[in-house]
Amino acid sequence: MVPVWTPIVAALVTAIAVALPYTLWETTRASISVESAEAPRLALIAFDGTSAQVKVSARTRDELQVTAVFAGGPPGQDVSLYAPQTMTLVGQRSYALSFHSPSEPPPCGTAWRYQITISSIPGDSNNERSATVDSDAVPCPPLEVAALFVTSRTERLGCDGQAMISATMNTNGSPGRIRYRWTRNDGLTMPEETVDVGRGESIVTLPLHWRVSGVGDFRGVAAFEILEPAASAGLRSSTRFTYHCA
C-alpha cells in the first residue's frame, strides 16, 4: 500500500525541478544586465574646422571627462597639434568647442586639413570619435615686391674682368609675373625681361654678368628697375664697381 503523502511529495519535487532552471536563468540574466550597464558614449555632432559640437550620452547623469585634440595643416603632411582641451561632460548634454588657428595663416592658394579627435580620459579607443574637414583654398592677393636690393660680388675689377651683379626681390609670396629692366652706364641698351614667380616664392634673385675689357679706368653703375606689377612699378636699386687695367 502506497502512503497517501507519496504522490504529494512527488508532485512537489517535479514542480521544483521544472521551476529551478527558469529561476536560475532569470537570476543570471539579471546579473549580466547589471554588470554590463551601458558606458557613456561620445558623439561628434558637427565640425567645421574651427569649432565642434560634442555630445555625451549615458544612462546615468554621472560626469565624464573628455579630451578634445585639434590639429591642422596641409593635406598629405603631418598636421600640427593645438593645445588639447579637457572638458567635464554630463549625460544627455551637448557642448560647443572652439580652437584658434596658428598665428601664421595657411599659404595662399592652398587648402588646409583640420582634424578633431575626442575621447574619454583615460583614452579608450572604443569610445573615440574623429572627424576631418578640408578648408577652401585661401585666395592669394596680387603679387607685390616689398623690397629690392642690387649688389655686386666684386667692387674692383682688373683687366678683362667680369662683374657679378644680382638683384634680390622680396615678394609677398603670391604667384605672378615681374617685368623688369637692367640699365648700365656704358651705353648698352638692355631689353625688358620678365620672370614668373611661383606661389610661396618670397625671394627672387636675378643675375647680371657684366664683362669689361681694355686698358684704362672705368666706374660701372648697374641699376635694376621693376616695371610690373603695377603696385611695385618704379621700384629701383643700383650698385657700383671700378675697373682698372694699365
Donor-acceptor contact present, side-chain [X] to main-chain [Y], <3.5 Å:
X    : Y    : result
T168 : V204 : no
S174 : P141 : yes
T154 : R156 : no
S232 : V145 : yes

Notebook entry, point to check: Taking only residues two or more places apart in sequence, or in another chain, which ones meet T189 in a side chain to side chain contact (heavy atoms under 4.5 Å, CB included)?
Noted result: none

Any heavy-atom pair between the side chains of [Y] and [X] that's under 4.5 Å?
X    : Y    : result
V195 : L206 : yes
T242 : E155 : no
Y180 : E192 : no
V221 : F241 : no
I178 : L143 : yes
M169 : F224 : yes

Distance-minimising heavy-atom pair for [X] and [Y]:
X    : Y    : answer
A222 : I165 : CB-CD1, 3.6 Å
H209 : R184 : O-NH1, 4.4 Å
P175 : C140 : CD-SG, 3.8 Å
T239 : S152 : OG1-N, 3.6 Å
P142 : N172 : O-ND2, 2.9 Å
W182 : S166 : CH2-C, 4.1 Å

Next item on the list: Output the distance between atom SG (C159) and atom CG (L157), rounded to the nearest 0.5 Å.
Entry: 10.5 Å

Notebook entry, point to check: Rounded to the nearest 0.5 Å, what separation is found between the CD1 atom of I203 and the CZ atom of F149?
Noted result: 10.0 Å

Note to self: Angle between ring planes, W210 versus F218, binned at 30° and 60°: parallel, tilted or perpendicular?
What the structure shows: perpendicular

Next item on the list: For Y243, check ring-ring contact (aromatic ring centres under 6.0 Å, His included) against everything at least two apart and list the hits.
Entry: none

Next item on the list: Determine which pairs satisfy disulfide bond (SG atoms under 2.5 Å apart) with at least one residue from residues 166-215, sequence neighbours left out, and list them in order.
Entry: none

Check: Residues in side chain to side chain donor-acceptor pair (under 3.5 Å) with N185, at least two apart?
Finding: none

Margin query: If hydrophobic clusters are built by linking Ile, Leu, Val, Met, Phe, Trp and Tyr wherever their side-chain heavy atoms come under 4.5 Å apart, do L227 and L148 end up in the same one?
Written below: no

Margin query: Membership question, hydrophobic clusters at under 4.5 Å side-chain separation (ILVMFWY): are L208 and L188 in the same one?
Written below: yes

Margin query: Can you pull out every salt bridge (charged side-chain N to carboxylate O under 4.0 Å, His left out) where at least one residue sits in residues 223-236? Sequence neighbours excluded, please.
Written below: R179-E228, R181-E225, E225-R236

Next item on the list: Quick one: which residue pairs count as a salt bridge (charged side-chain N to carboxylate O under 4.0 Å, His left out) with a foot in residues 200-223, not counting sequence neighbours?
Entry: none

